[in-house]
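Each remark here refers to the structure printed beneath this line.
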Amino acid sequence: MNALKKVSLFKDLSDAEFKELEPYLATESVRKKETIFSEGEPPEWFYLVLSGKVKVTKLSHEGKEIILEVISPTDIFGGVAVIRGFPYPANAVAMEDSSVLKISRKNLMRLVDRFPNLMYCIAMQLGDRMKSSYDSLKNIALERVESRIAALLLKLAGKVGVETKAGTLIDMRLTKQDVADMVGTTVETSIRTFSKFRKQGLVGESDGRFVILNKDELSTLSS
């Protein structure tokens, strides 16, 4: 639990306050591809990723999975549904073996009354998430596929990027299908776009992960 005190959600709590909070926290391990919650289910738990990656998805009318967001360590999910009391609006599925922290809805309501700053931190994260979702939807509606994929790679680099000698490694295993689902295109178009990016020296791959080789050019392409 000492590591949790470094998470932005809890960092402003004193040792005594965190000790008071601790009994309300539970951890759960989830396997790759395991569903954490499904669209339409009651909002029983508020979640935070401790390790691994979780994707938030919806199904199109044709039954195609659309990835709305990738949740990385210290990010929260399920928050809006829990706070507002309506069913989960999407699905949450582990992209890899992961560990999550969870707080029941009943306990969360008690805790935000007891620790108002906790509600402030949750609201800030939810606000950032909503802005990110708005930007993603705007890109899907207005931008070319190349720009959308470039913007997605830069966004992921900002969240889980690791600087290496070769470039910025996106420390997350993503398939071309995953990328296609996140930017609203077909896997064939995603494959063609990455092939073009490789030829232009913009993006490479290392051990199943994407590496941004030329961030400046990719930024120009995304704008």
Side-chain angles (χ1 to χ4, degrees), residues 1-13 15 17-58 65 67-83 87-112 115 117-119 121-126 128-129 132-133 152 155-162 169-175 177-179 181-182 206-210:
M1 288 294 179
N2 286 336
L4 287 178
K5 295 172 72 173
K6 300 177 183 178
V7 173
S8 60
L9 207 59
F10 308 125
K11 65 180 176 62
D12 291 329
L13 298 178
D15 288 346
E17 288 173 330
F18 190 82
K19 191 171 183 179
E20 184 180 341
L21 172 78
E22 202 169 349
Y24 297 98
L25 309 179
T27 58
E28 180 181 351
S29 296
V30 288
R31 305 289 293 177
K32 181 178 180 180
K33 297 186 179 180
E34 183 178 343
T35 298
I36 299 168
F37 59 73
S38 298
E39 181 177 356
E41 288 183 350
E44 296 180 352
W45 297 95
F46 170 87
Y47 292 92
L48 181 147
V49 176
L50 295 175
S51 64
K53 304 288 186 303
V54 172
K55 60 182 177 180
V56 177
T57 73
K58 287 182 76 74
E65 182 184 71
I67 300 177
L68 303 178
E69 188 70 49
V70 173
I71 313 299
S72 51
T74 76
D75 284 345
I76 62 175
F77 62 105
V80 174
V82 168
I83 291 171
Y88 291 120
N91 312 292
V93 181
M95 299 183 74
E96 56 193 50
D97 291 349
S98 304
S99 176
V100 298
L101 176 84
K102 61 182 188 177
I103 307 172
S104 71
R105 181 173 190 269
K106 178 177 67 175
N107 286 336
L108 183 67
M109 294 301 102
R110 291 173 179 168
L111 292 171
V112 295
F115 306 109
N117 194 58
L118 188 63
M119 187 65 208
C121 291
I122 291 172
M124 291 295 289
Q125 285 207 29
L126 292 178
D128 290 342
R129 183 78 50 75
S132 176
S133 297
L152 172 65
K155 174 184 172 182
L156 293 175
K159 292 182 65 174
V160 295
V162 177
L169 173 73
I170 297 175
D171 193 15
M172 176 190 302
R173 291 185 182 276
L174 289 172
T175 66
Q177 182 69 67
D178 290 334
V179 172
D181 293 341
M182 293 176 78
S206 174
D207 192 28
R209 293 172 170 85
F210 297 117

Is there side-chain contact between Met119 and Ile83, with heavy atoms separated by less than 4.5 Å? yes

Is there a side-chain contact between Met95 and Leu174, using heavy atoms and a 4.5 Å cut-off?
yes

dist Leu111:CG -> Glu17:CD (nearest 0.5 Å) comes out at 11.5 Å

Between Val70 and Lys159 the two heavy atoms that sit nearest each other are O-NZ, 2.5 Å

In short, Pro87 meets Ala81 closest at the heavy-atom pair O-CB, 4.0 Å

I'd like to check Val179 versus Leu152 (side-chain heavy atoms, cut-off strictly below 4.5 Å). Are they in contact?
yes

One should read off an interatomic distance between Glu20 CD and Leu13 CG, to the nearest 0.5 angstrom, of 9.5 Å

So SG of Cys121 and CZ of Phe10: to nearest 0.5 Å the spacing works out to 9.5 Å

query = Counting only N and O atoms by type, is there a donor-acceptor contact under 3.5 Å from the side chain of Lys53 to the main-chain atoms of Pro73?
reply = no

CG of Leu156 to CE of Met182, rounded to nearest 0.5 Å, is 5.0 Å

Measure from the side-chain N and O atoms of Ser104 to the backbone N and O of Asn107, and report whether any donor-acceptor pair falls under 3.5 Å. yes

Between Glu96 and Lys55 (salt bridge meaning N to carboxylate O under 4.0 Å), is one present in this structure?
no

Practice problem: Would you mind reporting whether Val93 and Glu34 have side-chain heavy atoms less than 4.5 Å apart? | Solution: no

Practice item. Determine whether Leu9 and Leu118 make a side-chain contact, defined as any pair of heavy atoms from C-beta on separated by less than 4.5 Å. Key: yes

Exercise for review: Please work out which of the three classes, parallel, tilted or perpendicular, describes the rings of Tyr88 and Tyr47, given edges at 30° and 60°.
Suggested key: tilted

Problem set entry | Audit row: Ile76, Gln125, side chain to side chain contact (heavy atoms under 4.5 Å, CB included) steps and yes/no | CA-CA 8 Å; Ile76 62 175; Gln125 285 207 29; 3.4 Å; yes

Q) Would you say Arg105's side chain and Glu44's backbone share a donor-acceptor pair under 3.5 angstrom? A) no

For Ser38, the side-chain contact (heavy atoms from CB on, under 4.5 Å) test, sequence neighbours excluded, returns Thr35, Glu41, Asn91

Sorted by chain and number, sequence neighbours left out, salt bridge (charged side-chain N to carboxylate O under 4.0 Å, His left out) with Glu28 holds for Lys102

Between Ala90 and Lys58 the two heavy atoms that sit nearest each other are CB-CG, 3.8 Å

So CZ of Arg110 and CG of Leu21: to nearest 0.5 Å the spacing works out to 13.0 Å

**Request:** Count the heavy atoms belonging to other residues, nucleotides or ligands that lie under 6.0 Å from OH of Tyr24, then report whether that count exceeds 12.
**Result:** no

| task | Taking the side chain as every heavy atom from C-beta outward, state whether Val49 and Thr74 have any atom pair closer than 4.5 Å. | result | no

Distance col, row Leu101:CG vs Ser51:OG, nearest 0.5 angstrom, shows 11.5 Å

- prompt: Thinking salt bridges, do Arg173 and Asp178 make one under a 4.0 Å N-O criterion?
  reply: no

Correct closest heavy-atom pair for Arg209 and Leu169 would be CB-CD1, 3.7 Å

Review point. Can you find a pair of side-chain heavy atoms, one from Phe77 and one from Ile36, that are under 4.5 Å apart?
Key: yes

| Does the pair Lys32/Asp97 count as a salt bridge with the N-to-O cut at 4.0 Å? | no

| task | For the residue pair Leu48 and Val100, establish whether any side-chain heavy-atom pair is separated by less than 4.5 Å. | result | no

